[in-house]
Amino acid sequence: MLTGDIPPNQTIYIKNLNEKVKKEELKRSLYALFSQYGRILDIVALKTTKLRGQAWVVFSEVTAASNAVRQMQNFPFYDKPMRIQYAKSKSDCIARAEGTYDKKKKQEEKAERKRRVEEAQQNATPNGPRAESNGGPAASSRPGRPSAQEAVADPNNILFIQNLPYETTSMMLDVLFKQYPGFREVRMIEAKPGIAFVEFEDDIQSSVAMQALQGFKITPQNPMAISYAKK
DNA sequence: AGCACA
């Protein structure tokens, strides 16, 4: 519903982002937050007047995008709830990969956009034409696919670590996790070897650490499995 | 509010 009637796309369009966040940090945080849903091929964010506060995250799979749209909808990100939809068009990086990227066509589209802006400025009519929408077709509440996929826990400032070697100590994990901003503490339970909880100040910081250390091997047999702790 | 590919 919040996705409007835009058909599924492997790229998601995010708006209502905090415009004060610097572009590079924004991209990093988006990457950290969204890579749990699948492989991210590209993130586009521009700070021009028209495009600030928005970003596109390109996934390698549509199912990943679908999960992200649903599960991260309204997620408070830098104090503002993210509004997520499918992107309206195919990302250039996808078109390039498919070999369908047409540079000429691209330039024409750009020129066309520019033309329309200028035109709009020409007839700066006091009461412009009513762009009345008819509400569109009664779209089904969900895009075509059932998307029977494993649920990802909601983001949490506490991480749940599994598959640790038996001899892991909290000091070892401390060293590993405290390199990431917002680190608070590691908690391990004597009676339960192989797991740990690592707390950060907020969801974003925990996500950054998760992304960075996901699969990290303390021993060759023990790639860390990091997920969000259950609330 | 705003759908791009610096």
Side-chain angles (χ1 to χ4, degrees), chain A residues 1-35 37-137 139 142-144:
Chain A
M1 195 88 286
L2 274 162
T3 64
D5 38 20
I6 304 161
N9 188 313
Q10 73 197 91
T11 300
I12 58 173
Y13 167 72
I14 311 169
K15 59 183 179 179
N16 199 40
L17 293 169
N18 189 325
E19 298 179 12
K20 286 178 290 209
V21 182
K22 289 194 292 294
K23 194 166 73 182
E24 281 320 307
E25 177 182 347
L26 180 70
K27 286 194 190 184
R28 274 206 313 278
S29 298
L30 286 172
Y31 189 87
L33 212 52
F34 281 100
S35 54
Y37 297 103
R39 202 154 83 80
I40 294 174
L41 303 179
D42 195 18
I43 297 184
V44 175
L46 295 296
K47 295 274 267 184
T48 59
T49 29
K50 193 178 166 209
L51 293 169
R52 64 187 53 159
Q54 301 151 80
W56 289 261
V57 176
V58 187
F59 287 100
S60 65
E61 305 286 345
V62 184
T63 51
S66 300
N67 285 334
V69 168
R70 284 201 313 272
Q71 301 196 33
M72 294 303 275
Q73 196 60 259
N74 302 321
F75 176 76
F77 188 59
Y78 295 105
D79 304 319
K80 298 187 70 179
M82 291 198 269
R83 302 278 129 87
I84 314 176
Q85 304 171 331
Y86 292 113
K88 285 182 181 163
S89 60
K90 184 181 298 226
S91 296
D92 283 2
C93 77
I94 303 298
R96 276 186 240 267
E98 289 175 345
T100 57
Y101 183 76
D102 183 346
K103 193 165 187 179
K104 241 202 214 100
K105 189 167 151 219
K106 222 51 211 186
Q107 286 164 347
E108 282 162 20
E109 284 168 3
K110 202 157 205 166
E112 169 69 8
R113 273 198 297 273
K114 192 170 175 185
R115 239 200 64 240
R116 301 195 53 143
V117 169
E118 286 160 359
E119 184 181 276
Q121 281 160 353
Q122 285 293 313
N123 9 319
T125 49
N127 12 342
R130 303 235 76 114
E132 200 60 72
S133 144
N134 61 8
R142 249 167 305 135

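Letters A, B, ... mirror the listed sequences (proteins, then strands); counts begin at 1. Basis for what follows: all heavy atoms, side chains included, without hydrogens, waters or symmetry-related copies. Computed from a prediction, not measured in an experiment: that's the story for all the values here.
Distance, Trp56(A) CH2 to dC5(B) C1': 8 Å, rounded to whole Å. If you take NZ of Lys90(A) and P of dA4(B), they are 17 Å apart, rounded to a whole angstrom. In this structure, the CG atom of Leu46(A) is 13 Å from the P atom of dC3(B), given to the nearest Å. Rounded to an integer number of Å, the gap from Ile14(A) CD1 to dC3(B) P is 15 Å. Taking atom OH on Tyr101(A) and atom P on dA4(B), their separation rounds to 13 Å, with Å as the unit. Between the CD1 atom of Ile43(A) and the P atom of dC5(B) there is a distance of 16 Å, given to the nearest Å. The distance from atom OH of Tyr13(A) to atom P of dC5(B) is 13 Å, rounded to the nearest whole Å. Spacing between atom CD of Gln10(A) and atom P of dC5(B) amounts to 18 Å, rounded to whole angstrom units.
Using cut-offs of 30° and 60° for the angle between ring planes, the Phe34(A) and Phe59(A) rings count as perpendicular.
OP1 or OP2 of dA4(B) has not a single side-chain nitrogen or oxygen of Lys88(A) nearer than 4.0 Å.
Judged by atom type and distance alone, Ser91(A) reaches the base of dA4(B) through a side-chain donor-acceptor pair under 3.5 Å. Between the side chain of Glu24(A) and the base of dA6(B) there is no donor-acceptor pair of N/O atoms closer than 3.5 Å.
Side chain to side chain, Tyr37(A) and Thr63(A) fail the donor-acceptor criterion of an N or O pair below 3.5 Å. Checking Lys80(A) against Asn18(A) by side-chain atom types alone, no donor-acceptor pair falls below 3.5 Å.
The 12-atom threshold is exceeded at CD of Glu25(A), counting heavy atoms of other residues, nucleotides or ligands nearer than 6.0 Å.
Contact annotation for Asp42(A): no contact, since no heavy-atom pair falls under 4.0 Å across all strands. Across all strands, Glu19(A) comes closer than 4.0 Å to base atoms (heavy-atom distances).
Comparing Gln54(A) and Cys93(A) against DNA chain B, the residue whose closest nucleotide sits nearer the 5' end is Gln54(A). Judged by closest nucleotide on DNA chain B, Ala87(A) is the one of Ala87(A) and Lys27(A) placed further toward the 5' end.
With respect to Lys47(A) and Glu19(A), no salt bridge is recorded, no charged nitrogen being found less than 4.0 Å from a carboxylate O.
Candidate nucleotides dC3(B), dA6(B), dA4(B) were compared by shortest atom distance to the side chain of Thr48(A), and dA6(B) ranks first.
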